[in-house]
Amino acid sequence: MHAEGGVRPAYAGIEAWLKAHGLEALAAKRAEAEALFRRVGITFAVYGEGGDPERLIPFDVIPRILARQEWDRLSRGLTQRVKALNMFMADVYSKREILRAGLIPESLVLQNEAFRPEMQGFVPPGGVYTHISGIDLVRTGPDDFYVLEDNCRTPSGVSYMLENREAMLRLFPQLCAGHRLMPVGHYPEELLETLKEAAPPNCQGEPCVAILTPGHYNSAYYEHCFLADEMGVEVVEGFDLFVEDAVVYMRTTAGPRRVDVLYRRLDDDYLDPLVFRPDSMLGVPGIFAAYRAGNITLANAPGAGIADDKAIYPFVPDMIRFYLDEAPLLQNVPTYLCERDEDRAYVLEHMQELVVKLARGSGGYGMLIGPHSTAEQRDEFARRIKARPADYIAQPTLALSTVPTLAGSGIAPRHVDLRPYILTGKDVRIVPGGLTRVALREGSLVVNSSQGGGTKDTWVLDDGPAPSQSQTQSQSQSQRMGG
């Protein structure tokens, strides 16, 4: 919020608003937001802790602000990065030129559990592998943003981005009206258009789109249903679908209906028991054969996980140079691969200074934050690294930026990251902003919801005068109705 010269211009309105509203008023609005989210049913699931796993993600009522010029720079870098990631996937499942050029060790790709040999020699419709990407960014200085990780399989959280904005418009209409906010409510419309553009070669007429969910026990089940409702498409489980003559159908009260595009929120392993895990009860027998026959599109493509593996992440800048012949617009965090002898020796020696992560971990699990760790925890991670070095990477502990957050003791700085959502069809589409996740515990660098993190609305401020309050409200209503 603050720079050396005082309050950053983008936050001037927020500073005045905070001064005008006492902590009691803000706390009351936070309670109102919680009641709203509970009534709507915006929950996520936490496993392995006993008791009721369904929880609300804490919502902080103080928005996170980005200036338009900051967003434009990020948007260009995100577009560049996702283009290169798609080109990388197309390459490693066909000619493997980047491997032959020696830019990425062959073993890191071909022996990676995220690599799907079944995808070799097959090009998805339009050559797109990751239609929906979530790229996690952190800020470390006034002009310094880093990519923390790439999510190319089934990135979640976009429903919270949309619901957070809706909550702010409802709770603070005057505050929102006083800022020229770039809208995010058209994301479902853009997502549906992206999925329709991915229709397979044998699609007949208007593509039929559906969302495949593992079911109501999945942590993101609310989001699956939310997006299906917003797009006006069906949400289905594996038993709702069947394959006949290499064509996928869903069962409806009016009889079988052909499905052309499936936005699947199901891991590769469970997608088709005839090809992947034979014990899967969640997938659809024969769907992979229908995919290869050009009768259905799976978004994201099976095997897209090779692009978001944390051991592959250090090579993304090389991908950008190799495939696009451009300098990377967004920086990577320096990363040590523990399977390399030299890197492993450094990590074991400097563990107290580093963040150690599972190469294929997610949700903040399997992670050691060196500066906040105990000697016992570091010893345990050292044993794990020595036993399975290829499973771990390490990165420096970054000085993440903080934003004002309503904490128990008042307004206090808390660390945040940002996950913008990038849609790739015939073109790349990015709604301005994304999901800001905030580490609610004082001093914590872990923003994941499963680890006690919360969320904020992310405002990208457009240039020009602020619209009137009535314009802001009518714009929101229009977006929610698909206008």
Side-chain angles (χ1 to χ4, degrees), residues 46-50 53 104-105 107-109 111-115 134-138 140 146-153 155 219 267 269 305-316 331-402 414-417 419 437-453:
V46 177
Y47 306 118
E49 296 186 12
I104 303 177
S107 61
L108 271 186
V109 175
Q111 296 175 24
N112 194 309
E113 64 183 33
F115 180 78
I135 308 297
D136 292 346
L137 302 170
V138 292
T140 61
Y146 286 86
V147 174
L148 197 58
E149 63 180 53
D150 305 292
N151 297 281
C152 299
R153 290 176 238 210
S219 61
D267 290 344
D269 280 344
I306 191 62
D308 66 18
D309 187 277
K310 293 182 179 66
I312 298 296
Y313 158 91
F315 300 96
V316 177
Q331 300 179 72
N332 262 26
V333 179
T335 302
Y336 302 95
L337 301 179
C338 290
E339 72 170 352
R340 294 175 175 168
D341 294 342
E342 185 178 346
D343 285 11
R344 183 170 64 256
Y346 182 86
V347 170
L348 293 172
E349 181 72 22
H350 297 85
M351 199 174 293
Q352 192 166 350
E353 308 161 18
L354 301 170
V355 176
V356 182
K357 302 177 182 179
L358 277 168
R360 289 156 200 96
S362 63
Y365 296 105
M367 182 165 66
L368 176 84
I369 299 182
H372 299 164
S373 65
T374 64
E376 184 179 358
Q377 289 170 331
R378 292 193 294 275
D379 288 343
E380 172 61 24
F381 264 78
R383 285 193 292 271
R384 295 181 190 178
I385 291 170
K386 291 173 183 176
R388 299 181 62 90
D391 288 356
Y392 291 91
I393 66 158
Q395 296 171 328
T397 306
L398 299 179
L400 303 188
S401 66
T402 60
R414 292 292 185 265
H415 296 293
V416 291
D417 76 353
R419 176 177 290 182
R437 300 183 297 178
V438 54
L440 294 175
R441 298 189 184 108
E442 184 176 1
S444 175
L445 298 173
V446 182
V447 299
N448 305 78
S449 305
S450 54
Q451 306 295 313

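Quantities reported herein were computed from a predicted structural model and do not represent experimental measurements.
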Please identify each residue that fulfils ring-ring contact (aromatic ring centres under 6.0 Å, His included) with H350, with sequence neighbours left out.
Y346
How many angstroms lie between CG in D391 and CD in E113, if you round to the nearest 0.5 Å?
7.5 Å
Rounding to 0.5 Å, atoms OH (Y336) and CG (L348) come to a distance of 13.0 Å
Over all atoms of both residues, closest heavy-atom pair of L148 and Y313:
O-CE1, 3.6 Å
Near E380 CD, under 6.0 Å, is it more than 12 heavy atoms from other residues, nucleotides or ligands?
yes
Any D343 side-chain heavy atom under 4.5 Å of C338 side chain
no
ring-ring contact (aromatic ring centres under 6.0 Å, His included) filter on Y146, not counting sequence neighbours, yields none
Give a yes/no verdict on a cation-pi contact between R378 and F381, requiring under 6.0 Å between NZ or CZ and the six-membered ring centre and an angle within 45° of the axis.
no
Who passes side-chain contact (heavy atoms from CB on, under 4.5 Å) against D417, sequence neighbours left out?
D136, V138, R437, V447
pair V355-L368: side-chain heavy atoms closer than 4.5 Å:
no
Can you check whether T397 reaches H372 side chain to side chain, under 4.5 Å on heavy atoms?
no
V356 versus R384: any side-chain heavy-atom pair under 4.5 Å?
no
Heavy-atom side-chain contact between R414 and T402 under 4.5 Å:
no
Of all heavy-atom pairs between I135 and D150, which one has the smallest distance, and what is that distance?
CD1-OD1, 3.3 Å
Are there more than 12 heavy atoms of other residues, nucleotides or ligands under 6.0 Å from atom CD of E442?
no
